[in-house]
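To start, the structure itself, in structure tokens.
Labels below follow one simple rule: chain letters A, B, ... track the order of the sequence lines, proteins then strands, and each chain is numbered from 1. Every heavy atom of this structure was used, including side-chain atoms; hydrogens, water molecules and symmetry mates were not.
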There are 2 protein chains.
Amino acid sequence: MFGDMEAPQAMAPLFDYLNAIAELSQEERDYLLAHAEVIEVAKGEYLLEAEKCSKDFYFVIQGAVRMYYPVEGEEKTAFFYLENSFISSYESFLKQTPARHGFQCLENCRLVAISRAVTFEILDRFPKFDLLTWSIQTEELIMYQNLVATFITLSPEQRYLHLLQEHPDWLQRINLHHLAGYLGVTPETLSRIRHRVALR
Amino acid sequence: MFGDMEAPQAMAPLFDYLNAIAELSQEERDYLLAHAEVIEVAKGEYLLEAEKCSKDFYFVIQGAVRMYYPVEGEEKTAFFYLENSFISSYESFLKQTPARHGFQCLENCRLVAISRAVTFEILDRFPKFDLLTWSIQTEELIMYQNLVATFITLSPEQRYLHLLQEHPDWLQRINLHHLAGYLGVTPETLSRIRHRVALR
DNA sequence: TTTTCTCCTTGACTATCGTCAAGAAAGTTT
DNA sequence: AAACTTTCTTGACGATAGTCAAGGAGAAAA
């Protein structure tokens, strides 16, 4: 998919992200270049369908991905992953159980995909990646703790205002139907919240 | 606080928990016995007050602890930690930032407390603890992901029914005021939900 | 340009929630 | 036992959310 000169450039955002935590050696970079894959996934396609087993670990180079839960035939959106985010269904990926949620691309995406086999091979071969995965996972945990806090401590309207502050870019790139799911309300309610807020 | 014979017994639940992930060596057990502390904390006391920096990592041997967020003078309960749970404000503990939430004992508790210094010393000295902390943190992350899912996919009444199934013991040990917070509703609403549910 | 499709809004109605206030019920203390 | 405290319930009312249905705005396709 990439010539010799292109792949390194394509993975640059991933290297930048990892280097900020712990400087990678040339050997580590080469291993990733050789064993991780840069893939293009079209808008609307699924990275993982709910109820299936997660086979890959992803890093978003370009694009937007939503996480959703299937509920009575519908797909309720729970979270979004944009540039420089890792995507994994940890429970399914690690335990090889059917995933409770799925991932769908909301835009044409460019991702780094790392298979289970390669993930474990890297962890086995390069001890530094223990620290990296730990760090990545810690950030994910903190993010989820804060997300739970918004449900416990804020009303739907306050969560919308909070969203405006924390992720103004999401409003530009993600439709209100999906944002409503993230806020835990129906699209109609979000529309009315926006109406109320606009009046002040 | 403990004679030579008592401390090992007191920490047995922690060793059991860790052994189930990766068998501890005698040296590792001895190090924990020498550097981790078994403490008794009275009902109502705080393990960590919101806005302060987390100094310790805890394991619950006996008792119940609630996690809360301060909101406009009130304390909104977000989660509970009972026997065989680890308690940590990861963000505050790791980054030494003021914690957004606090922890309060709801019963007289017996806990293992491990200080920051000892935590890092253990991680440095015994590589096995990388796996252990990673495993513990992964479980915590999965738990939070599933908790977010209950807010996205379920109504307050459905969350209450879900709570009955998943944690029937909580209803015996935790008052409805605190459980209401966990469900994201007021105590009055929880009371009415229980009334509705009882009629069927 | 017209048609079609997707996305967003609005209306009407019902159900549920939050709030404030009062009152039971249960458990403690004196 | 009586007084007190804590916990839980109930009532009344206004605000907000869910649901079903219809309609409008804009983008993409014909």
Side-chain angles (χ1 to χ4, degrees), chain A residues 42-45 64 66 68-69 71-78 80 104-108 150-164 168-200, chain B residues 42-45 64 66 68-69 71-78 80 104-108 150-164 168-200:
Chain A
K43 175 178 177 174
E45 295 291 308
R66 78 181 175 109
Y68 69 90
Y69 287 86
V71 183
E72 296 166 16
E74 267 196 288
E75 292 181 352
K76 295 232 183 184
T77 301
F80 307 101
Q104 183 190 30
C105 294
L106 297 179
E107 306 173 353
N108 293 326
T150 67
F151 283 102
I152 299 287
T153 66
L154 302 177
S155 67
E157 180 172 321
Q158 289 172 318
R159 284 201 294 278
Y160 173 70
L161 294 171
H162 187 256
L163 169 66
L164 283 182
D169 51 322
W170 290 12
L171 252 88
Q172 305 304 316
R173 293 173 60 179
I174 295 167
N175 74 43
L176 297 181
H177 178 82
H178 291 138
L179 284 176
Y182 170 75
L183 295 171
V185 298
T186 60
E188 294 95 328
T189 292
L190 175 55
S191 182
R192 291 186 179 108
I193 287 173
R194 284 159 58 82
H195 183 77
R196 282 205 301 271
V197 168
L199 295 181
R200 300 177 203 163
Chain B
K43 174 176 177 175
E45 295 291 309
R66 78 182 176 109
Y68 69 91
Y69 286 86
V71 183
E72 296 165 18
E74 267 195 288
E75 292 181 351
K76 294 233 183 186
T77 301
F80 306 101
Q104 184 191 28
C105 293
L106 297 179
E107 305 173 354
N108 293 324
T150 67
F151 284 103
I152 299 288
T153 66
L154 302 178
S155 67
E157 180 173 320
Q158 289 173 318
R159 284 201 294 279
Y160 172 71
L161 295 172
H162 187 256
L163 168 67
L164 283 182
D169 50 323
W170 290 13
L171 251 88
Q172 305 303 317
R173 294 173 60 179
I174 295 167
N175 73 43
L176 297 181
H177 177 83
H178 291 137
L179 285 177
Y182 170 76
L183 295 172
V185 298
T186 60
E188 295 94 328
T189 292
L190 175 54
S191 182
R192 290 186 179 108
I193 287 173
R194 283 159 57 82
H195 183 77
R196 282 205 302 270
V197 168
L199 295 181
R200 302 175 201 164

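Between the P atom of D:dT19 and the CD atom of A:E188 lies a distance of 8 Å, rounded to the nearest Å.
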For residues 172-180 of chain B, dump all side-chain donor-acceptor pairs below 3.5 Å to protein atoms at least two apart in sequence or in another chain.
residue : atom : partner : partner atom : Å
B:R173  : NE   : B:E107  : OE2          : 3.0
B:R173  : NH1  : B:E83   : OE1          : 3.0
B:R173  : NH2  : B:G63   : O            : 3.3
B:R173  : NH2  : B:E83   : OE2          : 3.0
B:R173  : NH2  : B:E107  : OE1          : 3.0
B:N175  : OD1  : B:H177  : N            : 3.0
B:N175  : OD1  : B:H178  : N            : 2.9

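Separation of atoms CG (A:L163) and CG (A:L171) is listed at 5.5 Å; rounding is to 0.5 Å. One finds the OG atom of B:S155 at 12.0 Å from the NE2 atom of B:H162 (value rounded to the nearest 0.5 Å).
With sequence neighbours excluded, the residues satisfying side-chain hydrogen bond (donor to acceptor under 3.5 Å, both in side chains) with B:R194 are B:Y160. Taking A:E75 as the reference, A:R66 meet the salt bridge (Lys or Arg N to Asp or Glu O under 4.0 Å) condition, with sequence neighbours excluded.
Using modelled atom types, one side-chain atom of B:N108 and one backbone atom of B:K43 make a donor-acceptor pair closer than 3.5 Å. With B:Q104 contributing its side chain and B:E45 its backbone, the two residues share no donor-acceptor pair below 3.5 Å.
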Query - Worked verdict on A:Y182 versus B:I152 for side chain to side chain contact (heavy atoms under 4.5 Å, CB included) - result: CA-CA 7 Å; A:Y182 170 75; B:I152 299 288; 5.5 Å; no

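For DNA chain C, the contact window with chain A, defined by any atom under 4.0 Å from a protein heavy atom, covers C:dC7 to C:dA12 in 5' to 3' order.
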Between protein and nucleotides 16-18 of chain D, what N or O pairs are separated by less than 3.5 Å?
residue : atom : partner : partner atom : Å
D:dA17  : OP2  : A:R196  : NH1          : 3.1
D:dA17  : OP2  : A:R196  : NH2          : 3.1
D:dG18  : OP2  : A:T186  : N            : 3.3
D:dG18  : OP2  : A:T186  : OG1          : 3.2
D:dG18  : OP2  : A:T189  : OG1          : 2.5

Please write out each protein N/O paired with an N/O of nucleotides 4-8 of chain D under 3.5 Å, distance rounded to 0.1 Å.
residue : atom : partner : partner atom : Å
D:dC8   : OP1  : B:L176  : N            : 3.4
D:dC8   : OP2  : B:L176  : N            : 2.9

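Note on ring orientation: taking the six-membered ring where Trp is involved, the planes of B:F151 and A:F151 are parallel (angle under 30°, cut-offs 30° and 60°).
When all heavy atoms are compared, the tightest approach of A:L154 to A:R159 is O-NH1, 3.0 Å.
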